[in-house]
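Data block below; observations after.
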There are 2 protein chains.
Amino acid sequence: MIGEALAKHLCRVGELTREDRQAVLGVKGEVRPVRRHEDIVKTGSSPTFSVLLLRGFLQRYGSRRDGSRQIHSFYIAGDAPSLESIHLDRMDSSICAIVSSEVALIPHGELLALFAQRPAVEALVWRSSLSQSSLFREWLTRNSRLPADGAMAHLFCEMYVRSKAAGLVDQNSCDMPLTQEMLADALGLTGVHVNRTLQSLRETGLVDHKAGRLYVHDLRKLANFGDFDPQYLHLRNGQAAVFS
Amino acid sequence: MIGEALAKHLCRVGELTREDRQAVLGVKGEVRPVRRHEDIVKTGSSPTFSVLLLRGFLQRYGSRRDGSRQIHSFYIAGDAPSLESIHLDRMDSSICAIVSSEVALIPHGELLALFAQRPAVEALVWRSSLSQSSLFREWLTRNSRLPADGAMAHLFCEMYVRSKAAGLVDQNSCDMPLTQEMLADALGLTGVHVNRTLQSLRETGLVDHKAGRLYVHDLRKLANFGDFDPQYLHLRNGQAAVFS
DNA sequence: CGGACAGTTGAACTAGCTCAACCATAGTGG
DNA sequence: CCACTATGGTTGAGCTAGTTCAACTGTCCG
């Protein structure tokens, strides 16, 4: 069951041969329900497992001395948020559930054993961590260079395209159970300004976010507005399929 | 010679056993001089080698449609800037020389062969790429959350601490051959504002940057001012030694 | 001597922040 | 069933950090 979810994750990242797939399916791990707002791994800790999100919505964030937060990424079902704990001794950010979720905890030992047997699987997991790294760079650029409305459009595009790639888009909408305060923590803005920016985006008719759901009415125009190019997501199928 | 540089890099990242070290020393690769402003790898390309910086100063950057740039990271001697090209098909940012430099190009084939023989070396290289990922997250937080003077102090702390860990600090100063325009491209500010911010930092007496060199007069106070905590650099010796 | 590049300064402008209300909704306990 | 509270969204008004534009200075180099 967990093995299957991991195999699905790796297929999203790259090619998985039949034999590698078989080996991955053998992964055991442990399923754990997580309550809303509960931390799964905390800054400074040294987890002995990696996390795979089965159902729900997570965020990675860091807290600063002055109480402000910066969200580093959001995670949807099928994502593997804390791969880095395999080789880094201490977490430098926390990962928590935004809504009630279900995660698989896979002991590092089990992963390392799998890697020893199946180098191609190790390569895929590494690749997954590298594409996350690419995502952090894009967030850096987005928050540093784009004005509030552009940055928000960019984030909406990202979540929509990632959701689509994960098969989580229904019609023209997907789950995005965030408060405006959380959007602010991701975009480096204040809650008040997110509110006003969201209203102005709404008025364009390209996109909307309400009741924890994201509605994208014109992805192409939205992407253009937010200077969004899905290249950095390193999706397997390429972006051609994405702008459907 | 290249093997030696790689071994040194890996020692900075983690433990290297005698046998692993021996294997690493066997790495060949090719030394290449790079002129000022020359790109080593370009966005969209698929390099067949990874890069190790032997001498000089590099930057990773992305260009946007409107002509603005975001710098994602700076690299000093001993750094391995483009590890991700091993497993990602296309570069999503470019790496170029800021001053005339010398790099080692190590073919992916050679690295993969080494990994197959020495899994612990693979783990170290992976670890190196993970600590870079951590650095991108910190830059995201810095540019999104800190005011201009704090962000600049934070960047100065980072470069100083990394230089110190690499043995490149002389007295209380290290090379940082950047123009104010480049500082602006890193911090998400304009050149004009970087100029004024730098002046105000100068007046505090904590730090100075002139003629391509960084002078740190009080690291502890500067770190406090820029809310800098070296944890995210994942240095082997820990930060205790760092704040000397 | 001239031209390119980097740093510096001034003045006007604006995107986004701050503070302080107020409103809507949903859950909770009596 | 209603009052109470907590949470999240909305609005207004004044403020400020950082931008923009445009000029000027210094320095290196051919």
Side-chain angles (χ1 to χ4, degrees), chain A residues 35-37 57 59 64 66-71 96-100 142-155 175-203 207-215 225-226, chain B residues 35-37 57 59 64 66-71 97-100 142-155 175-203 208-215 225-226:
Chain A
R35 285 185 311 277
R36 198 168 109 96
H37 297 163
F57 213 90
Q59 68 181 169
R64 322 208 97 252
D66 67 359
S68 69
R69 301 178 146 219
Q70 176 64 44
I71 294 174
C96 77
I98 290 177
V99 295
S100 154
R142 182 195 69 203
N143 284 11
S144 301
R145 293 276 155 230
L146 294 186
D149 51 3
M152 191 178 287
H154 189 285
L155 175 59
D175 272 329
M176 194 175 175
L178 306 178
T179 64
Q180 295 183 357
E181 203 61 49
M182 285 168 176
L183 281 174
D185 286 345
L187 296 168
L189 303 168
T190 59
V192 171
H193 199 238
V194 160
N195 182 290
R196 298 198 234 258
T197 304
L198 189 50
Q199 287 179 48
S200 91
L201 277 188
R202 215 170 257 152
E203 277 165 20
V207 69
D208 200 358
H209 179 265
K210 59 186 174 195
R213 238 181 130 70
L214 174 67
Y215 299 83
F225 183 77
Chain B
R35 287 185 309 277
R36 198 169 108 94
H37 296 163
F57 212 92
Q59 67 183 166
R64 325 209 95 252
D66 66 1
S68 68
R69 299 177 147 221
Q70 176 63 44
I71 294 175
I98 290 176
V99 295
S100 154
R142 182 195 69 204
N143 284 11
S144 302
R145 293 277 155 229
L146 293 187
D149 50 3
M152 190 177 288
H154 189 286
L155 174 59
D175 271 330
M176 195 176 174
L178 307 178
T179 64
Q180 295 183 357
E181 204 59 51
M182 286 167 175
L183 280 174
D185 285 345
L187 295 169
L189 303 168
T190 59
V192 170
H193 199 236
V194 160
N195 183 290
R196 298 198 233 259
T197 304
L198 189 50
Q199 288 179 49
S200 91
L201 277 188
R202 215 170 258 152
E203 278 166 20
D208 200 359
H209 179 265
K210 59 187 173 196
R213 233 179 136 72
L214 175 67
Y215 299 83
F225 183 78

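Residue numbering restarts at 1 for every chain, and letters A, B, ... go by the order of the sequence lines. Since the structure is predicted, the reported quantities are computational estimates derived from the model, not experimental observations. As a basis for the values below, the full set of heavy atoms in this structure was taken, side chains included, without hydrogen atoms, waters or symmetry mates.
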query: Is there a side-chain contact between B:Leu198 and B:Gln180 (heavy atoms, below 4.5 Å)?
result: yes
message: Closest-nucleotide mapping onto DNA chain C: is B:Arg36 or B:Val192 further toward the 5' terminus? I mean the 5' end.
response: B:Arg36
query: Is a donor on one side and an acceptor on the other found under 3.5 Å between the side chain of B:Gln59 and the backbone of B:Ala97?
result: no
- prompt: Across the strands shown, which category fits A:Gly188 at heavy-atom distances under 4.0 angstrom: base, sugar-phosphate, nothing?
  reply: sugar-phosphate
task: Specify the separation, in whole Å, of atom CG of B:Asp208 and atom P of C:dG7.
output: 12 Å
message: Expressed as a whole number of angstroms, how long is the span from A:Leu178:CG to D:dT7:P?
response: 18 Å
- prompt: According to a strict under-4.0 Å criterion, is B:Gln199 in side-chain N/O contact with OP1 or OP2 of C:dT9?
  reply: yes
- prompt: Taking the side chain of A:Arg202 as heavy atoms from C-beta outward, which of D:dG18, C:dA6, D:dT10 is closest to it?
  reply: D:dT10
- request: Could you tell me whether A:Lys210 and A:Asp208 have a side-chain N and a carboxylate O separated by less than 4.0 Å?
  value: yes
message: Whole angstroms only, please: what is the CG-P distance between B:Leu187 and D:dT19?
response: 10 Å
query: With no angle test and no hydrogens, is the base of D:dG9 tied to the side chain of A:Arg196 by a donor-acceptor pair under 3.5 Å?
result: no
- prompt: Considering only heavy atoms from C-beta outward, does the side chain of B:Arg145 approach that of A:Asp66 to under 4.5 Å?
  reply: no
- prompt: Given atom CZ of B:Arg145 and atom P of D:dG18, what is their separation to the nearest angstrom?
  reply: 14 Å
query: Do the side chain of B:Arg69 and the main chain of B:Met182 share a donor and acceptor less than 3.5 angstrom apart?
result: no
Nucleotide C:dA4, atom P - distance to CD of B:Glu181 in whole Å: 18 Å
Atom-pair distance (CG on B:Leu146; C1' on C:dC17), nearest Å: 16 Å
Protein-nucleotide distance (A:His193, atom NE2; C:dA20, atom P), rounded to Å: 20 Å
message: What is the distance, to the nearest angstrom, from the NE2 atom on A:His37 to the P atom on D:dG8?
response: 6 Å
message: Below the 4.0 Å mark, does C:dC17 have OP1 or OP2 next to a side-chain nitrogen or oxygen of A:Thr190?
response: yes
query: Think A:Gln180 has a side-chain N or O under 4.0 angstrom from the OP1 or OP2 of D:dT10?
result: yes
field: Any B:Asn195 side-chain N or O less than 4.0 Å from OP1/OP2 of C:dT8
entry: yes
